[in-house]
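Reading through the structure tokens given below for one structure.
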Amino acid sequence: MKKAIYPGSFDPITFGHLDIIERSARLFDEVVVGVLANSAKSALFSTAERVNMIQELVAKYPNVTVDSFDGLLVDYARQIDAQIIIRGLRAVTDFEYELQIAQTNRVEYPALDTVFLTTSLNYSYLSSTIVREFASYGGDISRFVPQEIIPLIEAKYQRGQ
Ligand code: ADP
């Protein structure tokens, strides 16, 4: 059984993330989407909100589950007995950082391997930051995130107006 974890902030989840999840679900027996709870960045959505949103969107994949974790990814991977970390690569700029993290993780937990999936071309520009930026100015985010979560994102920026 090949169990993989796809970790990230997912604040919010985008079509780029969902594309990686769909492709991973075909490659591995079990995929756990791990929402990082202790992100240093001040998050738009709470951990529970992010987990709930993703759960709804991945319900169609029987081998994908969603969980949250804090602390070191290697510790969490060991705890749930995952042998593979999945990361998405968008551009060369992602590469150096990702390589360093992957190598560090393998030193910490040698049985763990990182698999990189290259982004689909049409999502190569897409990041959660772009989505937040667009939404904050009332831009159209329908090309970036699924319809179901648009009202949740927009609601975050309507408060206090
Ligand atoms: P982090 O905060 O750890 O960078 P993110 O939530 O931004 O996490 O992304 C999680 C993972 O998804 C990362 O490996 C990132 O490279 C990948 N990813 C993000 N956006 C895309 C995209 N548009 N296409 C492919 N992979 C992506």
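One-based numbering, in listed order, for ligands and for the atoms of each. On a predicted model such as this, the values are computed, not experimentally measured, just so you know.
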Query raised in the report: Can the positive tip of R78 be found less than 6.0 Å from the middle of the six-membered ring of Y109, inside 45° of the ring normal?
Result: yes
Query raised in the report: Which ligand 1 atoms are under 4.0 Å away from a heavy-atom of T119?
Result: 22 (C), 24 (N), 25 (C)
**Report entry** Close N or O approach (F10, ligand 1; < 3.5 Å)
**Finding:** yes
**Report entry** Carboxylate-amine/guanidinium contact E49 K156, below 4.0 Å
**Finding:** yes
Query - Residue Q55 excluded, over 12 heavy atoms near CD under 6.0 Å - result: yes
Report task. Give yes if a backbone or side-chain nitrogen or oxygen of Y123 is under 3.5 Å from a nitrogen or oxygen of ligand 1, and no if not. Result -> yes
Report task. Classify the contact between I20 and ligand 1 as side chain, backbone, both or neither, using a heavy-atom distance cut-off of under 4.0 Å. Result -> side chain
Query - Partner set under side-chain contact (heavy atoms from CB on, under 4.5 Å) for D29, not counting sequence neighbours - result: M1, K2
Query raised in the report: Y6 to ligand 1: N or O pair under 3.5 Å?
Result: yes
Query raised in the report: Under 6.0 Å from the OH atom of Y125, do we count more than 12 heavy atoms belonging to anything else shown?
Result: yes
Query raised in the report: Can you pull the side chain to side chain donor-acceptor pair (under 3.5 Å) pairs that have at least one residue in residues 58-69, sequence neighbours excluded?
Result: D67-Y76
Report task. May I ask which of R87, R23, R90, H17 has a heavy atom nearer to atom 4 (O) of ligand 1 than the others do? Result -> R87
Query raised in the report: Taking N or O atoms only and a 3.5 Å limit, does D11 qualify as a polar contact for ligand 1?
Result: no
Query - F15, portion touching ligand 1 at heavy-atom distance under 4.0 Å - result: neither
Report summary line: Going by the 4.0 angstrom heavy-atom rule, the piece of P7 near ligand 1 is backbone
Requested in this report: Please find out if less than 6.0 Å separates the ring center of F144 from that of F15.
Outcome: no
